[in-house]
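The structure appears right after this line, and notes come after that.
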Amino acid sequence: QVQLVESGGGLVQAGGSLRLSCAASGRTFSLYGMGWFRQAPGKEREFVAVINWSGDNTAYADSVSGRFTISRENAKNTVYLQMNSLKPEDTAAYYCALRNRPYGRTYTKVEQYEYWGQGTQVTVSS
(Lines give C-alpha, C1' and ligand atoms only; values in the text may rest on other atoms or scores of the structure.)
Protein backbone atom coordinates (compact mmCIF):
# COMPACT_ATOMS: atom_id res chain seq x y z
CA GLN A 1 0.00 0.00 0.00
CA VAL A 2 1.50 3.31 -1.10
CA GLN A 3 1.37 6.12 1.43
CA LEU A 4 2.42 9.71 0.79
CA VAL A 5 2.56 12.18 3.67
CA GLU A 6 3.18 15.88 3.04
CA SER A 7 4.43 18.37 5.62
CA GLY A 8 5.89 21.84 5.82
CA GLY A 9 2.94 24.00 4.85
CA GLY A 10 1.94 27.10 6.76
CA LEU A 11 1.31 30.82 6.70
CA VAL A 12 4.02 33.07 5.25
CA GLN A 13 4.24 36.64 4.09
CA ALA A 14 4.71 37.50 0.43
CA GLY A 15 8.36 37.21 -0.51
CA GLY A 16 8.99 34.53 2.07
CA SER A 17 9.99 30.90 1.69
CA LEU A 18 8.74 27.46 2.68
CA ARG A 19 10.01 23.94 2.10
CA LEU A 20 7.49 21.17 1.63
CA SER A 21 8.37 17.54 2.21
CA CYS A 22 6.65 14.37 1.06
CA ALA A 23 7.57 11.08 2.71
CA ALA A 24 6.72 7.97 0.70
CA SER A 25 6.29 4.34 1.70
CA GLY A 26 5.04 1.17 0.08
CA ARG A 27 7.18 1.32 -3.06
CA THR A 28 10.84 1.22 -3.94
CA PHE A 29 10.87 5.00 -3.97
CA SER A 30 13.96 5.41 -6.14
CA LEU A 31 12.24 3.81 -9.13
CA TYR A 32 9.35 6.26 -9.44
CA GLY A 33 8.81 9.79 -10.67
CA MET A 34 7.21 12.20 -8.20
CA GLY A 35 5.17 15.30 -8.75
CA TRP A 36 3.85 18.30 -6.82
CA PHE A 37 0.45 19.74 -7.63
CA ARG A 38 -1.70 22.41 -6.00
CA GLN A 39 -5.35 23.28 -5.76
CA ALA A 40 -6.82 26.62 -4.74
CA PRO A 41 -10.46 26.93 -3.61
CA GLY A 42 -12.83 26.79 -6.55
CA LYS A 43 -10.07 25.87 -8.99
CA GLU A 44 -8.88 22.66 -10.58
CA ARG A 45 -5.80 20.87 -9.35
CA GLU A 46 -2.78 22.05 -11.34
CA PHE A 47 0.74 20.91 -12.01
CA VAL A 48 3.57 22.61 -10.09
CA ALA A 49 6.75 20.53 -10.48
CA VAL A 50 7.96 17.03 -11.27
CA ILE A 51 11.16 15.06 -10.83
CA ASN A 52 12.00 11.81 -12.56
CA TRP A 53 13.04 8.61 -10.80
CA SER A 54 16.77 9.34 -10.90
CA GLY A 55 16.51 13.01 -10.02
CA ASP A 56 18.31 14.25 -13.12
CA ASN A 57 15.26 15.53 -14.96
CA THR A 58 12.79 18.10 -13.64
CA ALA A 59 10.03 20.28 -15.02
CA TYR A 60 8.10 23.24 -13.65
CA ALA A 61 4.94 25.16 -14.32
CA ASP A 62 5.65 28.55 -15.87
CA SER A 63 4.07 30.27 -12.87
CA VAL A 64 6.69 28.86 -10.47
CA SER A 65 9.75 28.47 -12.67
CA GLY A 66 12.74 30.25 -11.18
CA ARG A 67 11.13 30.43 -7.72
CA PHE A 68 10.45 26.79 -6.81
CA THR A 69 12.87 23.86 -6.81
CA ILE A 70 11.95 20.19 -6.63
CA SER A 71 14.46 17.65 -5.33
CA ARG A 72 14.51 14.14 -3.93
CA GLU A 73 16.51 12.20 -1.38
CA ASN A 74 16.06 8.54 -2.22
CA ALA A 75 17.83 7.33 0.93
CA LYS A 76 15.03 8.99 2.93
CA ASN A 77 12.19 8.17 0.51
CA THR A 78 11.42 11.87 0.43
CA VAL A 79 10.74 14.49 -2.21
CA TYR A 80 10.98 18.21 -1.45
CA LEU A 81 9.60 21.43 -2.88
CA GLN A 82 11.60 24.52 -1.97
CA MET A 83 9.41 27.57 -2.53
CA ASN A 84 11.03 31.01 -2.58
CA SER A 85 9.69 34.49 -3.37
CA LEU A 86 6.20 33.33 -2.53
CA LYS A 87 3.24 35.31 -3.84
CA PRO A 88 -0.38 35.48 -2.64
CA GLU A 89 -1.41 33.60 -5.78
CA ASP A 90 0.65 30.62 -4.58
CA THR A 91 -1.93 30.10 -1.83
CA ALA A 92 -3.34 26.58 -2.22
CA ALA A 93 -3.35 23.08 -0.86
CA TYR A 94 -0.21 21.34 -2.14
CA TYR A 95 -0.21 17.64 -2.95
CA CYS A 96 2.57 15.23 -3.81
CA ALA A 97 1.87 12.38 -6.18
CA LEU A 98 3.53 9.17 -7.32
CA ARG A 99 3.23 7.75 -10.82
CA ASN A 100 2.89 4.00 -10.40
CA ARG A 101 5.15 3.03 -13.30
CA PRO A 102 8.88 2.69 -12.69
CA TYR A 103 11.44 4.77 -14.53
CA GLY A 104 10.04 6.90 -17.34
CA ARG A 105 10.27 10.58 -18.08
CA THR A 106 8.60 13.53 -16.34
CA TYR A 107 4.80 13.69 -16.37
CA THR A 108 2.78 16.83 -15.76
CA LYS A 109 -0.89 15.81 -15.88
CA VAL A 110 -3.03 14.98 -12.87
CA GLU A 111 -4.42 11.84 -14.55
CA GLN A 112 -0.94 10.43 -15.01
CA TYR A 113 -0.51 9.88 -11.25
CA GLU A 114 -2.13 7.08 -9.31
CA TYR A 115 -1.24 7.87 -5.70
CA TRP A 116 -1.74 11.12 -3.82
CA GLY A 117 -1.00 12.51 -0.39
CA GLN A 118 -3.55 14.23 1.80
CA GLY A 119 -2.20 17.71 1.05
CA THR A 120 -0.61 20.51 3.05
CA GLN A 121 -1.96 24.05 3.09
CA VAL A 122 0.20 26.98 2.02
CA THR A 123 -1.15 30.46 2.66
CA VAL A 124 0.74 33.54 1.48
CA SER A 125 -0.38 36.87 2.91
CA SER A 126 0.12 40.15 1.08
Side-chain angles (χ1 to χ4, degrees):
Q1 181 73 12
V2 174
Q3 188 173 17
L4 304 174
V5 180
E6 301 99 335
S7 61
L11 173 64
V12 64
Q13 289 188 333
S17 298
L18 284 173
R19 188 177 82 155
L20 306 184
S21 300
C22 172
S25 62
R27 283 288 184 274
T28 304
F29 177 75
S30 61
L31 300 181
Y32 297 92
M34 298 291 296
W36 284 99
F37 293 77
R38 66 187 182 186
Q39 187 167 18
K43 295 188 176 181
E44 293 187 352
R45 191 167 296 188
E46 65 176 8
F47 165 72
V48 175
V50 61
I51 188 166
N52 75 331
W53 62 278
S54 60
D56 61 358
N57 193 8
T58 59
Y60 298 90
D62 289 344
S63 58
V64 307
S65 183
R67 300 187 297 123
F68 291 12
T69 302
I70 189 171
S71 62
R72 64 190 298 156
E73 191 169 358
N74 286 342
K76 294 186 176 181
N77 288 359
T78 301
V79 62
Y80 304 98
L81 185 67
Q82 177 66 44
M83 305 186 296
N84 298 329
S85 303
L86 282 161
K87 304 176 181 180
E89 51 264 42
D90 294 318
T91 295
Y94 283 70
Y95 299 88
C96 68
L98 182 147
R99 177 172 166 83
N100 194 31
R101 299 181 188 181
Y103 307 113
R105 54 181 177 84
T106 53
Y107 296 89
T108 62
K109 299 184 185 302
V110 170
E111 58 268 27
Q112 292 172 320
Y113 290 82
E114 288 84 6
Y115 294 101
W116 295 83
Q118 83 289 348
T120 186
Q121 179 67 34
V122 172
T123 302
V124 184
S125 63
S126 57

Q) After noting the C-alpha distance and the side-chain angles of Asn84 and Ser17, does the key distance pass the side-chain hydrogen bond (donor to acceptor under 3.5 Å, both in side chains) rule? A) CA-CA 4 Å; Asn84 298 329; Ser17 298; 2.9 Å; yes
(Q) In this structure, would Val50 and Met83 fall into the same cluster of hydrophobic residues linked by side-chain contacts under 4.5 Å? (A) no
Q) Is there a chain of hydrophobic side chains (I, L, V, M, F, W, Y, each step under 4.5 Å between heavy atoms) that links Trp36 to Val124? A)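 Hydrophobic grouping puts Trp36 with Val124.
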Does [X] count as lying over the ring of [Y], i.e. NZ or CZ under 6.0 Å from the six-ring centre, within 45 degrees of the axis?
{"X": "Arg72", "Y": "Phe29", "result": "yes"}
{"X": "Arg19", "Y": "Tyr80", "result": "yes"}
{"X": "Arg105", "Y": "Trp53", "result": "no"}
{"X": "Arg38", "Y": "Tyr94", "result": "no"}

Q: Indicate yes or no for a side-chain donor-acceptor contact from Thr91 to the backbone of Thr123 under 3.5 Å, with no hydrogens or angles considered.
A: no
Q) Under 3.5 Å, side chain of Tyr107 to main-chain N/O of Gly33, donor-acceptor pair present? A) no
Q: Apply the test side-chain contact (heavy atoms from CB on, under 4.5 Å) to residues Val122 and Leu20: give CA-CA distance (whole Å), side-chain angles for both, the deciding distance (0.1 Å), then the verdict.
A: CA-CA 9 Å; Val122 172; Leu20 306 184; 4.0 Å; yes
Kindly give the heavy-atom pair with the smallest separation between [X] and [Y], and that separation in Å.
{"X": "Leu4", "Y": "Leu98", "value": "CD1-N, 3.8 Å"}
{"X": "Thr78", "Y": "Ala23", "value": "OG1-CA, 4.1 Å"}
{"X": "Tyr32", "Y": "Arg99", "value": "CD2-O, 3.2 Å"}
{"X": "Ser85", "Y": "Asp90", "value": "O-OD2, 4.5 Å"}
{"X": "Tyr60", "Y": "Ala49", "value": "CD2-CB, 3.6 Å"}
{"X": "Ala40", "Y": "Ala92", "value": "N-CB, 3.9 Å"}

(Q) Under the criterion side-chain contact (heavy atoms from CB on, under 4.5 Å), I'd like the reasoning laid out for Phe47 against Val110: C-alpha separation, chi angles, the key distance, then a yes or no. (A) CA-CA 7 Å; Phe47 165 72; Val110 170; over 6 Å; no
[atom2] on [Y] to [atom1] on [X], rounded to 0.5 Å:
{"X": "Thr58", "Y": "Asn52", "atom1": "OG1", "atom2": "CG", "value": "8.0 Å"}
{"X": "Cys22", "Y": "Glu6", "atom1": "SG", "atom2": "CD", "value": "5.0 Å"}
{"X": "Ile70", "Y": "Gln82", "atom1": "CD1", "atom2": "CD", "value": "12.0 Å"}

Q. Would you say Asn100 and Tyr115 make side-chain contact, with heavy atoms under 4.5 Å?
A.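 Yes, side chains in contact.
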Q: Describe, in one word, how the ring planes of Tyr113 and Phe37 are oriented to each other, choosing from parallel (under 30°), tilted (30 to 60°) and perpendicular (over 60°).
A: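 Answer is perpendicular, since the angle exceeds 60°.
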Q | Criterion side-chain contact (heavy atoms from CB on, under 4.5 Å) on Tyr95 and Gln39, from CA distance to verdict | A | CA-CA 8 Å; Tyr95 299 88; Gln39 187 167 18; 4.2 Å; yes
Q.
I'd like to know whether Arg27 forms a side-chain hydrogen bond (donor to acceptor under 3.5 Å, both in side chains) with Asn77, so could you lay out the CA-CA distance, the side-chain angles of the two residues, the decisive distance to 0.1 Å, and finally the verdict.
A. CA-CA 9 Å; Arg27 283 288 184 274; Asn77 288 359; over 6 Å; no
Q) Would Lys87 and Arg67 satisfy side-chain contact (heavy atoms from CB on, under 4.5 Å), going step by step from the backbone distance to the final call? A) CA-CA 10 Å; Lys87 304 176 181 180; Arg67 300 187 297 123; 3.8 Å; yes
Q. For Ile51, which of Val79, Leu81, Thr106 qualifies under side-chain contact (heavy atoms from CB on, under 4.5 Å)?
A. Val79
Q: Please indicate whether Glu111 has more than 12 foreign heavy atoms, meaning atoms of other residues, nucleotides or ligands, lying under 6.0 Å from its CD.
A: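 Correct, the count exceeds 12.
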